[in-house]
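This report refers to the structure that appears directly beneath it.
Computed from a predicted model, the values in this text were never measured in an experiment. Sequence positions, counted from 1, serve as the residue numbers for this chain.
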Amino acid sequence: MKERALYFIGGAVVGCICVSLLQPSPIQSESPSAINYDPSLDSQIVELIKENQSLNSKIQALESASPTAIRTQIDTQLPSQSLDYIDETPQISEPAVPSPKIQDEAVISAIANQTVLPASRHIATQLNLDNSSEEALQQLLQQKATQDYLAWNAGAGESHLTQEQIATKLNNNTQEYLHALHTILTPEQLDNYARIEQQQTEIKLEQKQLSLRQSLVGLDLDDFQQQEVARLSTALYSTNKVELGNMGSPYGMDNIEINKDVLSEIKSLFTEEQLKKLNM
């Protein structure tokens with residue numbers, strides 16, 4: 001009886017398992033139309049398959065090719081570049097020394113803009129010159145200023161002109177300038193021009209005396225030194241004959257002369273330390 005009962009129970013269990021296996025699941029029993037189906041997936045799958053096949057063929061070709069062939073293929077695919085080394089480090093070149101001609105042109109240009117132009121305009125205003133006469137005056141003054149500079153430069157250059165030779169050239173430039181002025185100015189305008197030059201000379205004389213007094217500040221002069229310097233400084237500078245054309249020509253003949261004997265006497269009043277401070 002017990003064995004039959006066990007057989008019965010075992011058969012029931014096996015039967016239940018069979019029934020559960022044979023019964024279709026709810027998902028399988030659903031119709032295909034009930035599943036969300038995307039037709040584009042088929043085309044994407046086909047494309048992926050093609051790409052996979054293409055990659056496999058390339059891999060096989062690379063595996064069978066030599067390293068040289070692979071290098072050649074890569075070079076043809078990359079942009080062509082020069083294999084030569086280019087040093088892009090900024091090169092620091094030494095500053096070029098301008099030639100004497102370029103230096104002369106720079107100085108002459110500075111003279112024209114900074115001295116000739118302001119001086120000619122001031123003179124033209126004082127003399128009530130018209131535009132044509134003012135332009136002619138500026139050209140004559142520029143020519144004189146240029147020749148004066150070249151005369152001084154010749155003394156410092158290869159020509160090595162003496163002070164007397166330089167003075168002769170400067171005097172010739174002044175006379176040529178004065179002769180040319182008679183063609184554009186009246187006698188009255190020439191006299192007024194001379195008064196303008198005289199006033200400018202007096203201003204320069206005052207400036208030199210003021211510069212001398214300022215240079216002595218800080219030297220700790222004693223009472224005797226101060227008295228002697230004040231006495232001698234009045235005779236240190238004197239004015240020469242005022243010539244036309246000095247205004248606007250910084251290298252022309254100076255209307256102010258320094259008394260060398262008085263200068264030597266002033267120097268003798270100072271100690272060595274004071275002379276060093278004065279760069280004498």
Side-chain angles (χ1 to χ4, degrees), residues 103-156 161 163-216 230 233-260 262-263:
Q103 291 179 346
D104 291 342
E105 292 176 352
V107 174
I108 293 172
S109 177
I111 293 173
N113 296 324
Q114 299 177 14
T115 60
V116 172
L117 183 59
S120 61
R121 286 180 176 177
H122 174 71
I123 296 169
T125 301
Q126 296 296 319
L127 301 181
N128 295 321
L129 301 182
D130 54 22
N131 294 335
S132 177
S133 298
E134 180 180 354
E135 184 178 355
L137 174 64
Q138 180 180 345
Q139 292 177 355
L140 291 176
L141 187 56
Q142 175 62 41
Q143 182 178 359
K144 178 184 182 299
T146 301
Q147 294 302 320
D148 289 343
Y149 163 72
L150 294 178
W152 275 107
N153 196 36
L161 298 181
Q163 292 295 326
E164 291 76 11
Q165 290 174 327
I166 294 175
T168 300
K169 284 183 173 293
L170 295 178
N171 183 63
N172 292 337
N173 296 338
T174 299
Q175 297 305 317
E176 291 177 2
Y177 177 71
L178 181 60
H179 178 75
L181 285 178
H182 283 81
T183 62
I184 61 174
L185 300 179
T186 65
E188 182 180 0
Q189 289 174 331
L190 289 172
D191 291 340
N192 292 333
Y193 190 175
R195 281 192 288 269
I196 295 172
E197 287 278 8
Q198 181 65 41
Q199 293 174 356
Q200 183 66 21
T201 301
E202 293 175 357
I203 293 174
K204 290 175 62 178
L205 180 61
E206 293 178 358
Q207 290 176 345
K208 286 182 177 293
Q209 292 175 345
L210 177 61
S211 177
L212 174 62
R213 291 193 296 267
Q214 290 178 344
S215 64
L216 300 179
S233 61
T234 58
L236 180 61
Y237 300 108
S238 61
T239 58
N240 296 324
K241 179 184 177 181
V242 177
E243 299 286 356
L244 300 183
N246 279 11
M247 289 179 58
S249 181
Y251 291 89
M253 296 182 64
D254 196 351
N255 292 332
I256 299 176
E257 183 179 359
I258 299 178
N259 191 321
K260 296 181 180 179
V262 174
L263 180 61

Any chance you could measure Asn173, atom CG, to Thr168, atom OG1, to the nearest 0.5 Å?
-> 10.5 Å
Check: Gln189 and Leu129 side chains under 4.5 Å, non-hydrogen atoms | yes
Nearest non-hydrogen partners of Ile111 and Pro250, listed with the distance | CG2-CD, 4.1 Å
Sub-4.5 Å side-chain heavy-atom contact between Ile256 and Lys208 | yes
Can you name the residues that form a side-chain contact (heavy atoms from CB on, under 4.5 Å) with Glu164, not counting sequence neighbours?
-> Thr162
Should we say atom CD of Gln198 is surrounded by more than 12 heavy atoms from elsewhere, each under 6.0 Å from it?
-> yes
Asn131, CG atom: more than 12 neighbouring heavy atoms under 6.0 Å | no
Is there a side-chain contact between Leu150 and Lys169, using heavy atoms and a 4.5 Å cut-off?
-> no
How many angstroms lie between CD in Glu202 and OG1 in Thr239, if you round to the nearest 0.5 Å?
-> 7.5 Å
Quick one: closest heavy-atom pair of Thr115 and Gly248, and the distance?
-> OG1-O, 3.2 Å
Pair Leu190-Leu185, side chain to side chain contact (heavy atoms under 4.5 Å, CB included): steps then yes or no | CA-CA 6 Å; Leu190 289 172; Leu185 300 179; 3.7 Å; yes
Distance, nearest 0.5 Å, that separates CG of Asn153 from CG of Asp148 | 12.5 Å
Hey, which of Leu178, Leu181, Val116 is the one that makes side chain to side chain contact (heavy atoms under 4.5 Å, CB included) with Leu140?
-> Leu181
Mind checking the CD-CG spacing from Gln207 to Leu210? Nearest 0.5 Å is all I need.
-> 8.0 Å
Taking C-beta and beyond as the side chain, do Glu197 and Glu243 meet within less than 4.5 Å on heavy atoms?
-> no
Heavy-atom pair with the smallest gap, counting every atom of Ala124 and Leu137 = N-CD2, 4.4 Å
Scan side-chain atoms only and decide if Asn171 and Thr174 contain a donor-acceptor pair under the 3.5 Å cut-off.
-> no
Least distance between heavy atoms, Leu141 atom then Ala119 atom | CD2-CB, 4.2 Å
Among Gln142, Lys144, Gln143, the one residue meeting side-chain hydrogen bond (donor to acceptor under 3.5 Å, both in side chains) with Thr146 = Gln142
In sequence, state the C-alpha distance, the side-chain angles, and the governing distance for Val242 and Gln200, and then conclude on side chain to side chain contact (heavy atoms under 4.5 Å, CB included).
-> CA-CA 10 Å; Val242 177; Gln200 183 66 21; over 6 Å; no
Any donor-acceptor pair under 3.5 Å linking the side chain of Ser215 with the backbone of Leu212?
-> yes
Closest non-hydrogen contact found for Arg121 with Glu134 is CG-OE2, 3.7 Å
Residue pair Asp104 / Tyr149, side-chain heavy-atom distance below 4.5 Å = yes
Quick one: NE2 on His122 to CG on Leu127, what's the gap to the nearest 0.5 Å?
-> 9.0 Å
With side chains defined as the heavy atoms from C-beta onward, is the minimum distance between Tyr237 and Ile258 less than 4.5 Å?
-> yes
How far does CD of Glu257 sit from CG of Leu205, to the nearest 0.5 angstrom?
-> 12.0 Å
Would you say Ser249's side chain and Asn246's backbone share a donor-acceptor pair under 3.5 angstrom?
-> no
